Amino acid sequence: MKVAEIDVERARREFFARSARIVARDLIGCLLVHDLEGERLVGRIVEVEAYESRGDAASHSARGPTPRNASMFGPPGHAYVYLSYGVHCCFNVVTADAGVGEAVLVRALEPLRGLESMRSRRGAVADVDLCRGPGRLSRALGFELEHDGLDLVRGPIGIHVPTRMSRPRVDRGPRIGITKSVELPWRFVERGSRHASR
DNA sequence: GGAATGATGTACT
DNA sequence: GTACATCATTCCG
């Protein structure tokens with residue numbers, strides 16, 4: 001591997017090695033990519049939530065490591081995928097440092113590429129709803145439990161930070177669907193996005 | 001072993 | 001707006 005490639009990889013890993021709330025904010029506008037069955041599926045991240053390790057009772061990591069949340073305590077820049085309500089897969093990006101237990105839940109995407117493939121997995125829904133919700137986007141992009149722990153720098157799932165993008169306007173507020181630590185304003189949404197949930 | 005609980009989505013009134 | 005499917009995980013005993 002060339003020196004330049006090593007530098008790029010280090011920079012990509014350091015992006016995730018920060019607190020979840022900081023990474024969460026920066027993920028708005030980034031591209032979530034899945035190379036699946038010879039096709040590249042792409043969505044633009046428009047809604048996320050940060051789950052931290054200290055003082056966050058809503059985080060899966062709040063009571064320490066368990067078999068389910070093990071990858072949340074693993075190295076940053078890896079996936080944490082879990083089953084919600086026994087039905088839906090939810091996709092997170094592990095942040096901070098290994099052993100800490102922080103992650104960012106990706107809640108909604110603006111579908112950009114591979115829409116036909118997304119439609120085939122999602123059934124008869126409007127395109128604006130293809131990836132509007134954490135369970136929905138996992139279904140649309142083909143995320144499964146087997147992707148839990150995957151290294152997002154190596155693929156086939158990855159996150160692209162656009163080199164040239166106007167910094168999106170981001171609104172911040174309480175997270176959705178939780179009953180603990182409801183006051184923490186760690187949900188980030190691109191202002192005015194029609195692809196966000198709610 | 002048993003019971004409660006979801007970081008949800010869909011259907012229905 | 002409300003109802004509920006559905007099951008792995010977690011906690012308690």
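Everything numeric in this text was worked out from a predicted model, so none of it was measured.
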A:R132 side chain near B:dG9 phosphate (N/O to OP1/OP2, under 4.0 Å): no
Any A:R107 side-chain nitrogen or oxygen under 4.0 Å from OP1 or OP2 of B:dT8: yes
Write down the distance between [atom1] ([X]) and [atom2] ([N]), rounded to a whole number of angstrom.
X: A:F143; N: B:dT8; atom1: CZ; atom2: P; value: 17 Å
X: A:Y51; N: B:dA7; atom1: OH; atom2: C1'; value: 4 Å
X: A:L105; N: B:dG6; atom1: CG; atom2: P; value: 16 Å
X: A:D148; N: C:dT9; atom1: CG; atom2: P; value: 10 Å
X: A:R63; N: B:dA7; atom1: CZ; atom2: C1'; value: 15 Å
X: A:L184; N: B:dA7; atom1: CG; atom2: P; value: 15 Å
X: A:E183; N: B:dA7; atom1: CD; atom2: C1'; value: 15 Å
X: A:Y80; N: B:dA7; atom1: OH; atom2: P; value: 9 Å

Nearest heavy-atom neighbours spanning A:A79 and A:H147: CB-O, 3.6 Å
Among [options], find the nucleotide with the atom closest to the side chain of [X].
X: A:S84; options: B:dT8, C:dT6, B:dT10; result: B:dT8
X: A:H60; options: B:dA7, B:dT10, C:dA8; result: B:dA7
X: A:T66; options: B:dA7, C:dT9, B:dG9; result: C:dT9
X: A:P134; options: C:dT10, B:dG9, B:dA7; result: B:dG9
X: A:C90; options: C:dA8, B:dT8, C:dC11; result: B:dT8
X: A:R68; options: C:dT10, C:dA8, C:dC11; result: C:dT10
X: A:R136; options: B:dG9, B:dG6, B:dA7; result: B:dG9
X: A:Y85; options: B:dA7, B:dT8, C:dA8; result: B:dT8

Tell me whether [X] forms a cation-pi arrangement with [Y], defined as NZ or CZ under 6.0 Å from the six-membered ring centre and within 45 degrees of its axis.
X: A:R21; Y: A:Y51; answer: no
X: A:R139; Y: A:F143; answer: no
X: A:R68; Y: A:Y82; answer: yes

Touch class at under 4.0 angstrom, heavy-atom based, for A:I178 against every strand present: sugar-phosphate
C:dA5: pairing nucleotide in any strand, Watson-Crick or G-U under 3.5 angstrom: B:dT8
More than 12 heavy atoms of other groups within 6.0 Å of A:E37 CD: no
Validation row: A:N92, A:E102 side chains within 4.5 angstrom (heavy atoms): no
Upstream residue (5' side of DNA chain C) when A:H88 and A:L145 are each assigned their closest nucleotide: A:H88
A:Y82 over B:dA7, stacked by centroid distance under 5.5 Å, angle under 30°: no
